[in-house]
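Read through the structure below, which is laid out as structure tokens, and then see the notes.
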Amino acid sequence: MKPELRRPLIFDIHRYALDDGPGIRSTVFFKGCPLSCIWCHNPEGISPDPELCYYAQRCISCGDCAVICPNKSITGNAVPEIERERCDACGLCAEQCMTAALSIKGQFYSVEELVAMLIRDKRFYDNSGGGVTLSGGEPTFYPYYLSRLVKALKAQGIHVILQTCGTFKWDFFKTRLLPWIDLIYFDIKCIDDHLHRQWTGRSNQGILANFSRLAKTAPDKVICSVPLIEGLTAGRVNLRLLAAYIASSAALPYTLRAYHPGFHFKAKALGKIPPPYLPLHAMAPGEFNRIAAEFEKIVSSMNKKRQVPG
């Protein structure tokens with residue numbers, strides 16, 4: 001089945017979110033993404049299918065999960081061992097688990113159900129200048145559902161932010177999504193196409209083309225979002241290329257995002273092994289400030305070069 005025709009799953013809804021745009025917001029995390037970034041801080045958002053998470057620190061080794069599993073995918077005595085290839089994420093073990101050591105990531109909500117949940121906090125959105133942020137995963141992975149959702153949110157007078165990796169089909173996005181979206185955080189991770197393929201599993205050509213189109217069509221709605229990962233995207237060459245590219249795109253605003261080491265914890269819960277070269281700690285504030293200052297210097301320099309002398 002084509003991704004755009006699948007029923008989208010939601011793996012989390014953060015109420016009272018303060019870091020996903022202006023004001024008090026509710027952030028909706030869609031499950032499924034065309035990229036597979038090796039540093040993704042939401043690895044549970046990559047697959048479009050339901051997934052079983054196991055949090056060992058919560059487990060009391062009661063063994064109930066192994067008894068109830070219809071596929072016998074959970075074995076082990078004191079410590080549960082999950083045979084992922086046999087697990088169909090039916091959720092029986094999670095329902096049985098009294099300590100929430102097991103949980104299923106991924107639940108479907110109709111547009112009406114989701115809007116009904118989000119509108120409960122409208123008074124907080126209105127009083128703080130907030131709204132709803134659509135994140136993931138990748139929300140545009142499900143364009144038809146997303147189109148209905150943003151129209152329904154705007155009909156309720158709710159400010160809508162989209163966080164996207166930029167892999168959408170432009171014509172559909174321009175006509176069926178863009179008019180109902182107030183602000184777009186557009187991820188640009190790498191300019192070199194070879195490295196982008198190596199780090200994310202996909203070319204960046206379509207992504208950069210979409211960013212350029214947005215920069216020309218709706219520059220007041222776009223903020224370029226740059227993830228900083230030590231040893232990867234935060235390298236000097238990539239940062240210079242990114243800064244130059246942003247400066248050449250109508251001098252759009254940008255935000256730099258430090259790497260979140262919580263990736264390791266989440267990946268382990270999914271039974272995945274993080275690449276050994278990814279940092280185990282967050283970027284130090286001093287290092288982040290140094291990179292941010294250098295980045296701003298390059299952007300400012302490029303912008304001055306583009307100015308025509310009076």
Side-chain angles (χ1 to χ4, degrees), residues 1-15 17 19-21 25-53 89 103-111 113-115 117-118 131-150 153 160-169 172-173 176-177 181 183-190 196 199-204 206-207 210-211 223 225-227 229 233 255 257 259-260 262-272 274:
M1 180 183 295
K2 294 181 179 180
E4 59 266 28
L5 299 180
R6 297 183 61 138
R7 294 203 323 166
L9 302 181
I10 305 299
F11 70 84
D12 206 352
I13 300 175
H14 284 180
R15 300 176 67 189
D19 299 319
D20 294 320
R25 313 192 70 83
S26 292
T27 304
V28 180
F29 293 88
F30 284 75
K31 202 171 187 316
C33 184
L35 302 185
S36 52
C37 304
I38 57 178
W39 59 77
C40 181
H41 70 281
N42 285 332
E44 69 273 47
I46 295 176
S47 170
D49 300 316
E51 291 180 285
L52 177 66
C53 289
S103 67
I104 297 294
K105 291 294 184 180
Q107 181 177 346
F108 174 75
Y109 299 92
S110 69
V111 169
E113 289 174 326
L114 189 53
V115 171
M117 293 176 60
L118 297 172
V132 170
T133 298
L134 306 173
S135 187
E138 175 54 45
T140 66
F141 204 50
Y142 310 98
Y144 300 106
Y145 179 95
L146 186 62
S147 177
R148 293 175 54 218
L149 177 60
V150 295
L153 290 171
V160 177
I161 289 179
L162 172 69
Q163 294 180 342
T164 180
C165 67
T167 55
F168 47 79
K169 295 180 180 179
F172 186 98
F173 186 91
R176 304 275 294 274
L177 290 170
I181 296 173
L183 195 60
I184 301 166
Y185 285 93
F186 194 114
D187 273 13
I188 296 186
K189 306 168 178 67
C190 177
H196 196 276
W199 294 343
T200 74
R202 183 164 174 163
S203 170
N204 66 1
I207 295 171
N210 281 338
F211 182 78
I223 296 177
S225 180
V226 179
I229 298 92
T233 65
T255 180
R257 296 184 291 108
Y259 167 77
H260 197 300
F263 161 81
H264 292 268
F265 171 74
K266 292 183 175 183
K268 187 175 181 180
L270 290 166
K272 300 177 180 179

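Because only heavy atoms are used, hydrogens play no part in the values below, and waters and symmetry mates are left out as well, while side chains stay in.
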Please give me the minimum heavy-atom distance between [X] and [Y], naming the atom from each residue.
X	Y	result
S36	G201	OG-CA, 4.2 Å
P227	T233	O-OG1, 2.6 Å
G136	P139	N-CD, 4.4 Å
T167	N210	C-ND2, 4.1 Å
V132	R25	O-NH2, 3.2 Å
P34	E138	CD-CB, 3.8 Å

Distance in Å, [X] [atom1] paired with [Y] [atom2], rounded so as to fall on 0.5 Å steps:
X	Y	atom1	atom2	result
I13	Q107	CD1	CD	8.0 Å
I184	F168	CD1	CZ	6.5 Å
L35	F141	CG	CZ	9.5 Å
T255	F186	OG1	CZ	15.0 Å
I161	S135	CD1	OG	10.5 Å
T164	F211	OG1	CZ	12.0 Å

Would you check if the side chain of [X] reaches a backbone N or O of [Y] as a donor-acceptor pair within less than 3.5 Å?
X	Y	result
N204	C190	yes
S147	R176	yes
R257	V226	no
K31	D49	yes

Subject >> Passing option when L162 is tested against T140, T133, L183 for side-chain contact (heavy atoms from CB on, under 4.5 Å) >> reply: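 Output: one option passes, namely T140.
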Original post:
Just one of R202, H196, K189 clears the side-chain contact (heavy atoms from CB on, under 4.5 Å) bar with I207, so which one?
Top reply: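 Exactly one pass, corresponding to H196.
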With a 4.5 Å limit on heavy-atom distance, are the side chains of [X] and [Y] in contact?
X	Y	result
K266	K105	no
S225	Q163	no
F263	P274	yes
V150	L134	yes

Original post:
Within a radius of less than 6.0 Å around NZ of K268, do more than 12 heavy atoms belonging to other residues, nucleotides or ligands occur?
Top reply: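 For K268, atom NZ is not crowded (no more than 12 foreign heavy atoms under 6.0 Å).
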Original post:
With a cut-off of 6.0 Å (strictly less than), are more than 12 heavy atoms of other residues, nucleotides or ligands near NE2 of H260?
Top reply: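 No, not enclosed.
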**OP:** Assign the ring pair W39 / W199 to parallel, tilted or perpendicular, where the plane angle (0 to 90°) is split at 30° and 60°.
**Re:**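 The rings of W39 and W199 stand perpendicular, inter-plane angle above 60°.
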Subject >> Geometric class of the Y145/F30 ring pair [parallel <30°, tilted 30-60°, perpendicular >60°] >> reply: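 Rings of F30 and Y145: perpendicular, over 60°.
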Original post:
Are F29 and H14 close enough that their ring centers fall under 6.0 Å?
Top reply: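 Yes - the distance between ring centres of F29 and H14 falls below the 6.0 Å cut-off.
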